[in-house]
*Asks:* 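Structure provided below as structure tokens; questions to follow.
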Amino acid sequence: MASIETGVRAPSEADAMRHALVLARRGPVSGPNPRVGCVLLGADGEVLGEGWHRGAGTAHAEVAALADAAARGASTVGATAVVTLEPCTHTGRTGPCSEALIAAGVGRVVVSVPDPNPVAAGGAERLREAGVDVETGLLGDEGRALLGAWLPAVERGRPFVTLKLATSLDGRIAAADGSSRWITSEVSRHHAHDLRAEVDAIVVGTGTALVDDPSLTARNAAGELHGTQPLRVVVGLRDLPSDARLHGPGGELVHVRTHDPAEVLSLLAEREVRHVLVEGGPTLAAAFLRAGLVDEVHAYVAPVLLGSGSSAVADLGVTSIGDAVRLTTRSVLPLGPDVLVVATVDPSRAPHSSTEEH
Ligand code: AOF
Ligand code: ZN
């Protein structure tokens, strides 16, 4: 080595932001609120306090970091707050963080991502008005990645929609006689289960609910239910039998008696649902795709050929190849004998993108 550093180097604001991003990841991935982390730095770059948001109804990251500094007996007058999301200005479940930072005498605030939430935004402006130096956009790509589905959901005013498909190599979900267990392997099915634990709601059509009798719960490898369960949403006009598994243990069951995906999403948006997993069947998948209301597809593909039987997606109204719904592949993951393809739908390429809410 050319040189040996002696003493403790003060962390830079970028280092502090990287640490704030790590702290934020301790927060819950699902739920109405974003994952946020905050580090308070002193004049010499020393850490005065740190905090992260533990979910809706608990202290925001900034307030948690101020409390941590107070518990350590550190003064925050003139401190720099490094925070992954713009401090809020509103009183919602808790108070406005911009006011808390001003009251604590913070002199500079460094933000990764501006808050797109119309209710909460404006913190940077409020802080500047109060004479606080504010800089935004530090490690912005990392900050946006951390926010996951929350960011597009809040920007668009509707939940982010992931469509899950589990098919044969020729895109089918059942053989001609309707038998379908199991096309994809156990490793794929476990993988798909893990995603259920990260979303706020799982949506199926009444056809799938009646034929498959799913429980739509998030379970671990041992089959035990996770502590937090996604909302279970059934879409369609037909009734469910009283002994359906959907009435058993798991998340709250909501039956939306419509065929309109936009109506389903606006109802879920009112409940602050940020991430929806559409699990089928083909009719519901096609309805969401036709409405331009699918953001991302997770396709589990098994090396099985069926030749006939139901396809994963019903008629999309595509009659010519130029009208096909073309996606962009984001990742490909081998899973035992199968493959998971994650692909996103470009909003402008969806069949009826004019119906999409912005
Ligand atoms: C958080 N945690 O650390 C920050 C947030 O429901 P409320 O009243 O807690 O407000 C949630 C909104 O506050 C959230 O959507 C986001 O816009 C803003 N900032 N939220 O949950 C935090 N800093
Ligand atoms: Zn806040």
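Numbering of ligands and ligand atoms starts at 1, following listing order.
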*Asks:* Does any N, O or S atom in His90 come within less than 2.8 Å of the Zn ion (ligand 2)?
*Replies:* no

*Asks:* Which atom, among the N/O/S set of His60, is closest to the Zn ion (ligand 2)?
*Replies:* ND1

*Asks:* For ligand 1 and His53, I'd like to know whether there is a polar contact (N/O to N/O, distance under 3.5 Å).
*Replies:* yes

*Asks:* Just to the nearest 10 degrees, tell me the angle at the Zn ion (ligand 2) spanned by Cys88 SG and Cys97 SG.
*Replies:*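 SG of Cys88 and SG of Cys97 make an angle of 120° at the Zn ion (ligand 2), to the nearest 10°.
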
*Asks:* Say whether His247 and Ser242, considering side chains only, have a donor N or O and an acceptor N or O under 3.5 Å apart.
*Replies:*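 Note: His247 and Ser242 side chains miss the donor-acceptor criterion.
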
*Asks:* Write out the residue and atom name of the closest protein heavy atom to atom 16 (C) of ligand 1, then the distance separating them to 0.1 Å.
*Replies:* Asp115 OD2, 3.2 Å

*Asks:* Throw together a table of side-chain donor-acceptor distances under 3.5 angstrom for residues 102-117, partners on residues two or more places apart or in other chains.
*Replies:*
residue, atom, partner, partner atom, Å
Arg108, NE, Glu13, OE2, 2.9
Arg108, NH1, Asp133, OD2, 2.9
Arg108, NH2, Glu13, OE1, 2.8
Arg108, NH2, Glu135, OE1, 2.7
Ser112, OG, Leu138, O, 3.0
Ser112, OG, Leu139, O, 3.0
Asp115, OD1, Asn117, N, 2.8
Asn117, OD1, Val119, N, 3.2

*Asks:* Measuring from the heavy atoms of Trp150, does anything fall under 4.0 Å of ligand 1?
*Replies:*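 Trp150: in contact with ligand 1 (<4.0 Å).
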
*Asks:* Give a yes-or-no answer on whether the side chains of Asp170 and Ser168 include a donor-acceptor pair shorter than 3.5 Å.
*Replies:*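 Judged by distance alone, the side chains do pair up.
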
*Asks:* Starting from atom 15 (O) of ligand 1, find the nearest protein heavy-atom neighbour and note its residue, name and distance.
*Replies:* Asn117 ND2, 2.9 Å

*Asks:* More than 12 non-hydrogen atoms from neighbouring residues, nucleotides or ligands closer than 6.0 Å to CZ on Arg245, yes or no?
*Replies:*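 No, because the 6.0 Å sphere around CZ of Arg245 holds 12 heavy atoms or fewer from other groups.
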
*Asks:* Between ligand 1 and Cys97, is the shortest N or O to N or O distance under 3.5 Å?
*Replies:* no

*Asks:* Is Arg274 in polar range of ligand 1, meaning some N or O pair under 3.5 Å apart?
*Replies:*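 In this structure, Arg274 places no N or O atom under 3.5 Å from an N or O of ligand 1.
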
*Asks:* Do Asp338 and Ser188 meet the criterion of a side-chain donor-acceptor pair at a distance under 3.5 Å?
*Replies:* yes

*Asks:* Between Glu272, His60, His90, which one has a non-hydrogen atom sitting closest to atom 19 (N) of ligand 1?
*Replies:* His60

*Asks:* Could you check whether Glu279 pairs with Arg196 (Lys NZ or Arg NE/NH1/NH2 to Asp/Glu carboxylate O, under 4.0 Å)?
*Replies:* yes

*Asks:* Check for me whether Glu62 has a heavy atom closer than 4.0 Å to any atom of ligand 1.
*Replies:* yes

*Asks:* Classify the contact between Ala120 and ligand 1 as side chain, backbone, both or neither, using a heavy-atom distance cut-off of under 4.0 Å.
*Replies:*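 For Ala120, only side-chain atoms sit under 4.0 Å from ligand 1.
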
*Asks:* Specify the protein heavy atom at minimum distance from atom 6 (O) of ligand 1: its residue, its atom name, and the distance to 0.1 Å.
*Replies:* Arg93 NH1, 2.5 Å

*Asks:* Given the rule in the side-chain contact (heavy atoms from CB on, under 4.5 Å) test, do Val278 and Val294 qualify, once you have shown the distances and angles that lead to the verdict?
*Replies:* CA-CA 9 Å; Val278 174; Val294 172; over 6 Å; no

*Asks:* Stepwise, does the side-chain contact (heavy atoms from CB on, under 4.5 Å) test hold for Arg271 with Glu252?
*Replies:* CA-CA 12 Å; Arg271 297 183 61 136; Glu252 184 189 341; 2.7 Å; yes

*Asks:* Among all protein heavy atoms, pick the one closest to atom 14 (C) of ligand 1 and tell me residue, atom and distance.
*Replies:* Pro34 CD, 3.7 Å

*Asks:* Examine distances only and state if a side-chain atom of Ser75 and a backbone atom of Val77 form a donor-acceptor pair shorter than 3.5 Å.
*Replies:* yes

